[in-house]
Amino acid sequence: MLSAIWAITLLAVVLLATARSRMIEPMFGGLDRAVRLHRRLGPTAIGLVVLHVLLYLPPMLGAGVPLGDILVPFWSPEARTFDAIVLWTLLAWTGLAYVRGLPYEGWLSLHGLMGPIFLGAGVHSVLEGSTVLAFEPLRFWMWFLVLVGVGAWAYRVLLYRWFAPRYRYRVEAVEPRSGDTIDLVLRPRDRRMIYEPGTFVFIRRPGRAEYHPFSISSSPAERNLRLSVRMLGDFTRALATAPRGEVMEVFGPFGSFTPHRYAHYRRLVCVGAGIGITPFLGMLRFEMTNDDFRRIWLWYVVRDAENAPYDAEIRDLALRADSWIDYDLWITPERGRITAAQVMAAVRPLDDYAVMLCGRPEFVGDMVRQFLAEGLPRERLVWEDFHFN
Ligand SMILES: Cc1cc2nc3c(=O)[nH]c(=O)nc-3n(C[C@H](O)[C@H](O)[C@H](O)COP(=O)(O)OP(=O)(O)OC[C@H]3O[C@@H](n4cnc5c(N)ncnc54)[C@H](O)[C@@H]3O)c2cc1C
């Protein structure tokens with residue numbers, strides 16, 4: 001029974017973590033962290049469900065209940081059809097969710113089914129668990145979890161369009177920055193969004209169902225909202241031809257990747273790889289007006305000089321910023337892969353800094369491991385990996 005209670009608890013937390021609610025994300029330290037937590041908790045919760053079934057089988061079989069009645073829907077008039085359907089749906093869902101190569105949109109729609117599955121599992125645990133039935137506070141707690149999980153799912157999947165923090169912006173300009181990168185400049189249509197530098201938004205175009213996340217590369221002090229986008233697939237490529245005046249929905253801001261939350265660290269080491277430079281652009285632009293002197297080191301890691309579309313902008317901002325900024329354009333083929341040891345050596349003898357990392361998941365994961373191995377305390381490492389699946 002304990003495994004089932006834990007499974008329901010973790011699944012409720014997973015649904016809450018992915019609700020994309022501004023009210024809830026601070027509980028997890030930001031939506032980006034919430035999504036990372038959900039990636040770890042999800043498989044654990046499913047494992048606990050499987051463990052629950054395995055532990056449940058021997059006493060049931062010992063009591064003479066046929067295996068078919070437990071596991072096969074409609075096996076006999078006594079079959080536990082509802083429970084078996086919930087179990088197999090959950091297992092089939094898990095199998096599909098972990099299929100490699102599943103397109104992101106398919107993967108996301110699959111997650112939309114999690115609510116009804118969770119509701120089935122929750123109802124089963126409340127109505128069938130003898131311990132839960134016998135102990136009123138536990139029963140109350142389980143119903144509460146079911147309500148929380150289903151509420152979070154309903155908000156995210158059914159009600160998001162109407163209740164989420166939504167702003168309407170119109171396309172002011174689409175500016176090509178390099179062969180595969182554009183700046184999408186948006187102007188508030190009615191209400192202007194207030195945000196912290198380094199946070200991100202979801203945008204939704206008219207006639208399209210998907211919400212795509214992008215870090216904000218403008219400063220909160222600017223009227224226009226700028227998103228710097230690397231064109232990867234159909235959505236980002238289509239942005240390049242977004243007509244001037246098109247009205248887009250902007251949801252947010254989200255995330256905890258902002259120096260504001262780490263005000264006690266007066267020294268910041270920032271490493272942005274490729275398009276992972278975007279949140280740092282917003283932070284640097286805010287440096288023009290933020291009245292907050294800090295010591296900042298910034299590395300912009302790129303494949304080659306042509307793929308460094310923001311180099312000139314950063315050089316200019318670094319000269320004019322309030323803070324003292326050391327900037328280094330790191331061209332990997334010329335200098336090899338940047339390592340945490342090299343970064344730390346450049347900053348020595350100071351060692352009271354926080355490190356902010358942003359880029360593709362492989363880069364960020366590798367750098368996080370390296371910094372930890374070099375002895376940097378985990379609480380001084382902040383990262384964003386542009387990855388939700
Ligand atoms: C917090 C965060 C901040 C980001 N900031 C930026 C940024 O500043 N600039 C930038 O160029 N990119 C950013 N990205 C990545 C950007 O969201 C994806 O590149 C974009 O959504 C790809 O869409 P597509 O259809 O063009 O490409 P596809 O080829 O369909 O997708 C490429 C990959 O992007 C991811 N992806 C696709 N659709 C979505 C979606 N709706 N939601 C989340 N991830 C998706 C998937 O991992 C997928 O494998 C960010 C991602 C996250 C999670």
Side-chain angles (χ1 to χ4, degrees), residues 17-18 20 22 25 28-39 97-112 156-157 160 164 174-186 195-205 208-218 225-242 248-258 270 272-285 300 302 307 309-310 313 356-365 382-389:
T18 50
R20 294 187 183 176
R22 292 205 58 210
E25 65 157 358
F28 297 93
L31 183 58
D32 40 347
R33 287 190 181 182
V35 170
R36 284 204 289 273
L37 178 73
H38 123 276
R39 267 188 239 145
Y98 288 91
V99 168
R100 280 185 183 277
L102 191 71
Y104 183 84
E105 294 310 328
W107 180 86
L108 205 60
S109 332
L110 213 55
H111 274 61
R156 166 80 183 81
V157 175
Y160 203 73
V174 178
E175 294 164 358
R177 297 296 300 239
S178 70
D180 64 357
T181 307
I182 53 158
D183 278 351
L184 178 68
V185 183
L186 302 172
Y195 57 91
E196 291 172 280
T199 50
F200 68 91
V201 291
F202 289 93
I203 59 168
R204 189 166 173 276
R205 294 189 67 185
R208 294 190 69 139
E210 322 104 83
Y211 303 80
H212 285 255
F214 297 100
S215 296
I216 304 167
S217 64
S218 50
L225 182 77
R226 183 180 71 159
L227 306 176
S228 299
V229 178
R230 174 143 182 251
M231 293 178 283
L232 275 183
D234 64 330
F235 186 86
T236 43
R237 279 183 213 290
L239 279 180
T241 52
M248 294 188 183
E249 287 175 320
V250 174
F251 295 82
F254 293 107
S256 59
F257 194 75
T258 165
C270 306
I275 197 64
I277 197 68
T278 48
F280 299 117
L281 294 176
M283 295 175 201
L284 285 187
R285 290 173 86 93
Y300 181 17
V302 295
N307 281 298
Y310 297 100
E313 175 175 329
M356 301 186 78
L357 302 167
C358 186
R360 305 298 301 168
E362 308 75 38
F363 173 82
V364 171
V382 195
W383 67 90
E384 182 147 278
D385 63 10
F386 282 6
H387 183 65
F388 269 177
N389 48 342

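Numbering of ligands and ligand atoms starts at 1, following listing order. Computed from a prediction, not measured in an experiment: that's the story for all the values here.
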Task: Contact atoms of ligand 1, heavy-atom distance to R230 under 4.0 Å - done: 10 (C), 11 (O)
- [ ] Show which atoms of ligand 1 fall inside a sub-4.0 Å distance from at least one heavy-atom site of D234.
- [x] 25 (O), 26 (O)
- [ ] Work out which heavy atom in R33 is nearest to a heavy atom in S256; give both atom names and the distance.
- [x] NE-OG, 3.9 Å
Task: G255 backbone acceptor or donor facing T199 side chain under 3.5 Å - done: no
TODO: Please state whether the rings of F202 and F200 are parallel, tilted or perpendicular, taking 30° and 60° as the class boundaries.
DONE: perpendicular
Open item on the list: With respect to G233, determine whether any N or O atom, backbone or side chain, lies less than 3.5 Å from an N or O atom of ligand 1.
Closed with: yes
Task: Of E175, R177, M231, the residue whose pairing with I182 passes side-chain contact (heavy atoms from CB on, under 4.5 Å) - done: M231
Task: Heavy-atom gap E210 to ligand 1 smaller than 4.0 Å - done: no
Open item on the list: Could you check whether Y211 and F235 have their ring centres less than 6.0 Å apart?
Closed with: no
Open item on the list: Once you restrict to heavy atoms under 4.0 Å, what part of F200 touches ligand 1? Side chain, backbone, both or neither.
Closed with: side chain
Open item on the list: With nothing but distance in play, are any N or O atoms of T278 less than 3.5 Å from an N or O of ligand 1?
Closed with: yes
Open item on the list: Only heavy atoms of F235, strictly under 4.0 Å: list the atoms of ligand 1 that pass.
Closed with: 24 (P), 25 (O), 26 (O)
Open item on the list: Any side-chain to backbone donor/acceptor pair from R226 onto S217? Under 3.5 Å, distance only.
Closed with: yes
Open item on the list: On a heavy-atom basis, which atom in A17 and which in L31 lie closest, and how many Å separate them?
Closed with: O-CD1, 3.8 Å
Open item on the list: With heavy-atom distances below 4.5 Å as the criterion, would you say the side chains of I203 and L184 are in contact?
Closed with: yes
Open item on the list: Would you say that R205 contacts L239 through its side chain, given a criterion of any heavy-atom pair below 4.5 Å between the two side chains?
Closed with: yes
Task: Sole candidate of D183, T278, T181 that passes side chain to side chain donor-acceptor pair (under 3.5 Å) when paired with Y310 - done: D183
Open item on the list: Side chain or backbone, does R360 bring an N or O within less than 3.5 Å of an N or O on ligand 1?
Closed with: no
- [ ] Compute the shortest N/O to N/O distance between F386 and ligand 1 and return yes if it is under 3.5 Å, no if not.
- [x] no
Open item on the list: Check contact between D32 and ligand 1, using heavy atoms of the residue and a distance below 4.0 angstrom.
Closed with: no
- [ ] Heavy-atom contacts with I275 under 4.0 Å: which atoms of ligand 1 show up? List them by number with element.
- [x] 9 (N), 10 (C), 11 (O)
TODO: Have a look at ligand 1 and work out which part of S228, if any, has a heavy atom under 4.0 Å from it: side chain, backbone, both or neither.
DONE: backbone
- [ ] Go through ligand 1 atom by atom and flag the ones less than 4.0 Å from a non-hydrogen atom of Y211.
- [x] 40 (C), 41 (N), 42 (N)
Open item on the list: Show me which atoms of ligand 1 lie under 4.0 Å from any heavy atom of H387.
Closed with: 53 (C)
Open item on the list: If the cut-off is 4.0 Å to any non-hydrogen atom of L232, which atoms of ligand 1 fall inside it?
Closed with: 19 (O)
